[in-house]
S.K.: 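The structure is given below, and queries will be raised subsequently.
The sequence lines fix the lettering, A, B, ..., with proteins before strands; numbering per chain opens at 1.
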Amino acid sequence: MRTSWADSEEAEAAAAPSTIINNGVVPNSGAAAAVAGNSRPARSAYVPPHLRNRPPSSTPPPPAVSAPPAANTRWGGGGGRSGGSFGRAASNTRTGGWDRGREREVNPFGDDVDVEPPFVQQENSGINFDAYEDIPVDTSGDNVPPAVNAFSEIDLGDALNLNIRRCKYVKPTPVQRHAIPISIAGRDLMACAQTGSGKTAAFCFPIISGIMKGQYAQRPRGSRTAYPLALILSPTRELSCQIHDEARKFSYQTGVRVVVAYGGAPINQQLRDLERGVDILVATPGRLVDLLERARVSLQMVQYLALDEADRMLDMGFEPQIRRIVEQMDMPPRGVRQTMLFSATFPKEIQRLASDFLSNYIFLAVGRVGSSTDLIVQRVEFVQESDKRSHLMDLLHAQRENGTHGKQALTLVFVETKKGADALEHWLCINGFPATSIHGDRSQQEREHALRLFKSGATPILVATDVAARGLDIPHVAHVVNFDLPNDIDDYVHRIGRTGRAGKTGLATAFFNENNSSLARALAELMQESNQEVPAWLSRYAARSSYGGGGRNRRSGGGRFGGRDFRKDSSFNRSGGGGDYYGGGRSNSGYGASGSSYGGGYGAGVTSAWD
DNA sequence: AAAAAAG
């Protein structure tokens, strides 16, 4: 039954030293944090107002000070306290825990659990690391921990290391090489890295490892309130599901429990999952607020906060909700918890908002603006609104003829509106193209069904709104069509990033017409930076729009890199900063210097972002 | 102006 790796896990656990700070909570990595000059104070037993004077039926919050070390097992396993380190919480602690061995952890890897995974990369799941060689990286902040070249340089723990091998991750991607040591050192992080470059693992590994190593005050058993140690927020339900699935793989047989909560799905199963115990809660904001209001979740024990697609989470629609969760509930304040923000794009005014959540953080930028741009061939075609459908049909026909090995390549078609998505899906279907759609007016069941049909290739065309623009990892998307271009270049970056993932190549085609002229300049610049062929007519549009002040100046940082730390930008450190960002007043003030190839002071800094 | 996220 037990395989060799499990045995070595035991040995590791037995050999591991036990360090327990008797305040109930051990800082994530006190030593490293101290080295970094950022040691975190022990949390006091603060009880937030809304949790005081609760009816006696509910169990009081976990005793932060009085919990004897011997009771510090995360699962409350009587007498089963782990020696203080890796792996021990896996199978043996579980039997003493509150699930008493009733449940077996579902193997997220399929049947080959007990087989030592092959080290040969399989064609479909391996990451093409050659595509990540020689990528520009920039970090800023105090005492930045050095990058690593191999997972083995970091002590992530045997159980997690095995899962990493099972995932066939042979070596860390660039963002992982930098972000993981930073996070392991206990530092807050704002990370900007290309789409498809492995951000999920970059924040999951340190969280899982930290929870495995940490000794936390026992959380009450039998309470209807769940006390996650880590919270991961994302902007869409499907993305939360995906992160949950990934995190489950990474935490398989580590004893670390991952639960997902999102809207549109029955809440009862989610409540049951929470009651069984949760270390890492992955959630969308709305459902989390619901759970917090019902007092079914408390953020009191949260040691790690991760925001995926962080710029999206802090834009106008989301910001109040996120602020409420992070600042107005019972989550430990910044500097006490560890906070990690990730995205492929990070506009400076959003960085300024985000800095409220961070303490002495490190800014990390990996790779060029947004996408794995060299891997994605970007085309822009001038297509009038009335011609879009027939033009799309031409593309799909051509693709069908190129059809690789019987199965049609997956094509993701982005449109601007939910109605437009329905209409286009219907039109494609009646014209003999197997299409489905995903957007916010469809039921969650329909959304998930559509995604499955698409992923499986059963319906190789998916029409989508921006709900599918960010984060979704759909292997084998060969072509992204921007049937309607977005108004924001960052959205474009995220959309085309649905292809060209994990080092594979992809194609992105955009339909451009007069309605998109406000995007022309940013689009032309992005394409130029990505070594793409910019049509002459697009350059003319770009030059034209740079005069009339058309369009927002919303570059995510410009230059050849994924972003620039706004703290380096003096205009953002004066008088509240970003007011000038939209170019309302002085046209140059949001950026470091001028130098745009399109002149006019518009887009200043695009070519000089790294001076 | 639109999309997303609670029901």
Side-chain angles (χ1 to χ4, degrees), chain A residues 231-244 260-271 274 281-297 307-326 328-329 343 345 347 350 385 412-425 437-448 450-451 462-472 480 482-495 497-498 511 513-519 550-552 554 582:
Chain A
L231 177 64
I232 300 172
L233 292 173
S234 95
T236 67
R237 299 163 180 175
E238 287 77 12
L239 184 52
S240 279
C241 282
Q242 178 183 300
I243 295 167
H244 171 249
V260 67
Y262 56 90
I267 201 169
N268 285 333
Q269 182 59 45
Q270 294 172 8
L271 290 173
L274 289 167
L281 177 58
V282 185
T284 49
R287 178 55 61 89
L288 176 61
V289 168
D290 190 357
L291 293 166
L292 290 165
E293 282 172 349
R294 296 178 189 219
R296 297 301 295 262
V297 169
L307 301 193
D308 199 8
E309 308 297 343
D311 58 332
R312 178 79 183 78
M313 303 297 281
L314 290 168
D315 82 2
M316 287 206 318
F318 267 122
E319 194 214 352
Q321 231 173 348
I322 301 301
R323 258 188 210 286
R324 184 159 170 226
I325 292 167
V326 176
Q328 287 156 32
M329 307 303 276
S343 184
T345 52
I350 304 280
E385 292 294 332
L412 182 49
V413 183
F414 281 104
V415 296
E416 197 56 22
T417 67
K418 293 178 277 198
K419 271 178 66 178
D422 282 336
L424 185 58
E425 175 198 6
S437 70
I438 185 168
H439 61 71
D441 273 356
R442 302 199 75 188
S443 73
Q444 190 55 28
Q445 266 194 336
E446 291 172 322
R447 283 164 59 161
E448 287 173 21
L451 203 51
L462 179 66
V463 183
T465 60
D466 270 331
V467 70
R470 283 173 175 262
L472 294 187
V480 170
N482 273 292
F483 189 88
D484 301 318
L485 272 165
N487 296 312
D488 186 329
I489 192 64
D490 288 345
D491 291 336
Y492 173 85
V493 165
H494 286 274
R495 285 179 178 188
R498 294 320 94 209
F511 296 172
N513 60 40
E514 289 89 349
N515 298 335
N516 311 113
S517 49
S518 65
L519 192 72
R552 299 179 299 152
R554 271 281 273 98
Y582 290 99

S.K.: So which of Asp308(A), Asp311(A), Asp488(A) actually passes salt bridge (charged side-chain N to carboxylate O under 4.0 Å, His left out) with Arg470(A)?
M.R.: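 The single option meeting the salt bridge (charged side-chain N to carboxylate O under 4.0 Å, His left out) with Arg470(A) is Asp311(A).
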S.K.: May I have the distance from Asp308(A) (atom CG) to dA5(B) (atom C1'), rounded to whole angstrom?
M.R.: 16 Å
S.K.: Looking only at side-chain N and O atoms, does Thr465(A) come under 4.0 Å of OP1 or OP2 in dA2(B)?
M.R.: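 Thr465(A) to dA2(B) OP1/OP2: no side-chain N or O under 4.0 Å.
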S.K.: Taking atom types as modelled, find out whether Gln444(A) and Arg447(A) have a side-chain donor-acceptor pair closer than 3.5 angstrom.
M.R.: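 Side-chain D/A pair, Gln444(A) to Arg447(A): present.
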S.K.: Answer yes or no: is there an ion pair linking Lys419(A) with Asp422(A), defined by an N-O contact shorter than 4.0 Å?
M.R.: no
S.K.: How would you label the contact of Arg237(A) with the nucleic acid (heavy atoms, under 4.0 Å): base, sugar-phosphate, or nothing?
M.R.: sugar-phosphate
S.K.: Does Lys419(A) put a side-chain nitrogen or oxygen below 4.0 Å from OP1 or OP2 of dA2(B)?
M.R.: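 No.
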S.K.: Separation of Gln321(A) atom CD from dA4(B) atom P, in whole Å?
M.R.: 14 Å
S.K.: Looking at dA1(B), I'd like to know if its phosphate oxygens (OP1 or OP2) sit under 4.0 Å from a side-chain N or O belonging to Thr417(A).
M.R.: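 No, because none of the side-chain N or O atoms of Thr417(A) sits under 4.0 Å from OP1 or OP2 of dA1(B).
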S.K.: Expressed as a whole number of angstroms, how long is the span from Arg287(A):CZ to dA5(B):C1'?
M.R.: 11 Å
S.K.: I'd like to know whether CD of Gln445(A) has more than 12 heavy-atom contacts from other residues, nucleotides or ligands below 6.0 angstrom.
M.R.: no
S.K.: By the 4.0 Å heavy-atom rule, please label Gly317(A) as base, sugar-phosphate, or nothing.
M.R.: base
S.K.: Quick one: is dA5(B) close enough that its OP1 or OP2 comes under 4.0 Å of any side-chain N or O from Arg447(A)?
M.R.: yes
S.K.: Can you check the Arg296(A) CZ to dG7(B) C1' distance for me, whole Å?
M.R.: 17 Å
S.K.: For Asn515(A) and dA1(B), what is the distance between atoms CG and P respectively, to the nearest whole Å?
M.R.: 14 Å
S.K.: Just how far, in rounded Å, is C1' of dA3(B) from CZ of Arg495(A)?
M.R.: 10 Å
S.K.: Show, in sequence, the C-alpha distance, side-chain angles and deciding distance for Gln242(A) and Glu238(A), and conclude whether the side chain to side chain donor-acceptor pair (under 3.5 Å) test is met.
M.R.: CA-CA 6 Å; Gln242(A) 178 183 300; Glu238(A) 287 77 12; over 6 Å; no
S.K.: Atom CZ of Phe318(A) and atom C1' of dA3(B): how far apart are they, to the nearest Å?
M.R.: 9 Å
S.K.: Roughly how many Å is it from CE in Met313(A) to C1' in dA4(B), rounded to a whole number?
M.R.: 10 Å
